[in-house]
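Naming convention: chains lettered A, B, ... in sequence-line order (proteins, then strands); numbering from 1 in each chain. From a predicted model like this one, the values you see are computed outputs, not experimental measurements.
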Number of protein chains: 2
Amino acid sequence: MSNKTSPWSKDWYKEHDPIYIATDCIIFGFDEGILKLLVFKRRVEPQKGAYSLIGSFVKLNESVTDAAKRVLEEITGLKNVFMEELRTYNEVMRDPGYRCISIGQYALIRISDYDNELVEKHGAIWYPFNELPELVLDHDIMVKDALTRLRRKARYQPIGFELLPEKFTIPQLQNLYEAIYQKQMDSRNFRKKVLSFGVLIKLNEKDKLSSKKGAFLYKFDYDKYQQLVASGINFEV
Amino acid sequence: MSNKTSPWSKDWYKEHDPIYIATDCIIFGFDEGILKLLVFKRRVEPQKGAYSLIGSFVKLNESVTDAAKRVLEEITGLKNVFMEELRTYNEVMRDPGYRCISIGQYALIRISDYDNELVEKHGAIWYPFNELPELVLDHDIMVKDALTRLRRKARYQPIGFELLPEKFTIPQLQNLYEAIYQKQMDSRNFRKKVLSFGVLIKLNEKDKLSSKKGAFLYKFDYDKYQQLVASGINFEV
DNA sequence: GCAAAAGTGTTTGACGTACACCCATGG
DNA sequence: CCATGGGTGTACGTCAAACACTTTTGC
């Protein structure tokens, strides 16, 4: 199976086997109180019609991160999205086509911001997390891994904000955490906790969409957050 | 820069660029109360004489995990070592030789068990963590990442045991944690905490090497640990 | 008998958790 | 005027952190 020919000239590398590298994006969104995932209905063979994550091969002249950013922008129109490497999926037989290692990356999207036309044009669909169809290859495992990571990560870093609009209310934030952890939380304790970190700026506006009284909007204080992290503070929600 | 020729036949893959994949191992050991790392003095070009981590290219017919296990056994003689993927190092220019992505994996070794002859034969050296020489490429970053991960991981999983002999004393265990976190701990609180999990089995033997009174030996109860994890218990040391 | 490490309990403060009522407003 | 979600405070228990002395034994 080892292939000693190589398209490249340097002798030192020649003895080794180059491998195809892909990256697959596990893209989370939060909308109408539910956690969603952006999946893709394949319009070409192989496995036409099946659902998969959004991914791409990594090119010789781009980093894996760049590849993922490229795909993400292609499909959602968004740049500067929160994204993080999950792990590699490197089993020899994971892809029946040919030996191909995929690097899973999960991304958090402000679902209010993405370009819906682009998304539809590419055959991508936002699926509620609890109603996901089966996905090709090992993509189901990637999704499971990503949720595990999101849950762990959200406990000690306030990444929840990445999924919400810039201005959000405390009840919205609580809904998000309830969706991530799939459990109800006490509103008094939740509010106390998130405000105690001192990284939320209360605005003079209210959001009246979900109640008659209206809830105050807040925004995330990135500078303050950086300071606190630098001084070694621990966030746990 | 894109290279459209390919050594493989399937058309679908032909359009893409295969890339070299390597894995580098960040191997921790614990000896004489200090945390150590297994590094390697290169005996061939490029960078002959420089220090690096131990690594290998990943072959077409092996998974990344298998590749790392292969290297690890080659150099230490050990199988069944605790090992975990760290992350990928995928910058386009990280390796001046050719485009090569490396997958960092960290491993924990019982320093009492490894085969010293093998290690020396391969030019590998155990270095105290605080006196590491500069390493080639981005290996310094890998080491830093691995330590960060080890610290985080050791907080909620009892992986410390992987670095100690099968039978160990509580003071030894405390030394290890002090080495990992680089801070002193209170022996009464430490003992109380680790015993409270109920995953240590007290033996009827004492270790007299480090004190006249002698300290009781314990061993780790893997079964009990599995049960507790399954029932959702949280370990925090 | 003394030096050196092992082993043992208690007190205090912080924080997580549980819990119930009033407020503001659109309809 | 009432239904709906927003907002607030307190009491209790748990657990982490601080802290000092006795025990054993090789030399």
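- Between S187(A) and S210(A), the residue whose closest nucleotide on DNA chain D is further toward the 5' end is S210(A).
- Straight-line distance from the CE atom of M185(A) to the P atom of dC19(C): 17 Å, rounded to whole Å.
- With rounding to whole Å, Q174(B) atom CD is found 12 Å from dG7(C) atom C1'.
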* side-chain contact (heavy atoms from CB on, under 4.5 Å) between Y106(B) and D145(B), intermediate numbers included -> CA-CA 9 Å; Y106(B) 72 105; D145(B) 290 344; over 6 Å; no
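- Taking the six-membered ring where tryptophan is involved, the planes of Y222(A) and F220(A) are perpendicular, since the angle between them exceeds 60° and thus also 30°.
- More than 12 heavy atoms of other residues, nucleotides or ligands shown are found within 6.0 angstrom of NZ on K153(A).
- Other residues, nucleotides and ligands place no more than 12 heavy atoms under 6.0 Å from the CD atom of E166(B).
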Show the distances under 3.5 angstrom between N or O atoms of the protein and N or O atoms of nucleotides 9-13 of chain C.
residue, atom, partner, partner atom, Å
dT10(C), O4, K192(B), NZ, 3.0

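- If you take CD of Q184(B) and C1' of dA5(C), they are 14 Å apart, rounded to a whole angstrom.
- For the residue pair S102(A) and D24(A), a side-chain donor N or O sits within less than 3.5 Å of a side-chain acceptor on the partner.
- Rounded to the nearest 0.5 angstrom, I26(B) CD1 and K144(B) NZ are separated by 13.0 Å.
- Residue T169(A) is classed as having no contact, given no heavy-atom separation below 4.0 Å to the nucleic acid.
- Nucleotides of DNA chain D that come within less than 4.0 Å of any heavy atom of chain B span, from the 5' end to the 3' end, dA16(D) to dG26(D).
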Which pairs would a plain distance check flag for residues 123-130 of chain A, meaning a side-chain donor or acceptor within less than 3.5 Å of a matching protein atom at least two apart in sequence or in another chain?
residue, atom, partner, partner atom, Å
W126(A), NE1, Y114(A), OH, 3.4
Y127(A), OH, Y51(A), OH, 3.4

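- Contact annotation: side chain of K213(A) to base of dA24(C), donor-acceptor pair absent below 3.5 Å.
- With a 6.0 Å radius and a threshold of 12 heavy atoms from other residues, nucleotides or ligands, R155(A) has its CZ atom at or below the threshold.
- For F197(B) against L228(B), the heavy-atom pair with the smallest separation is O-CD1, 3.4 Å.
- Separating the CZ atom of F216(A) from the P atom of dC23(C) is a distance of 16 Å, rounded to the nearest angstrom.
- In terms of phosphate contacts, K193(A) brings a side-chain nitrogen or oxygen within less than 4.0 Å of OP1 or OP2 of dG16(C).
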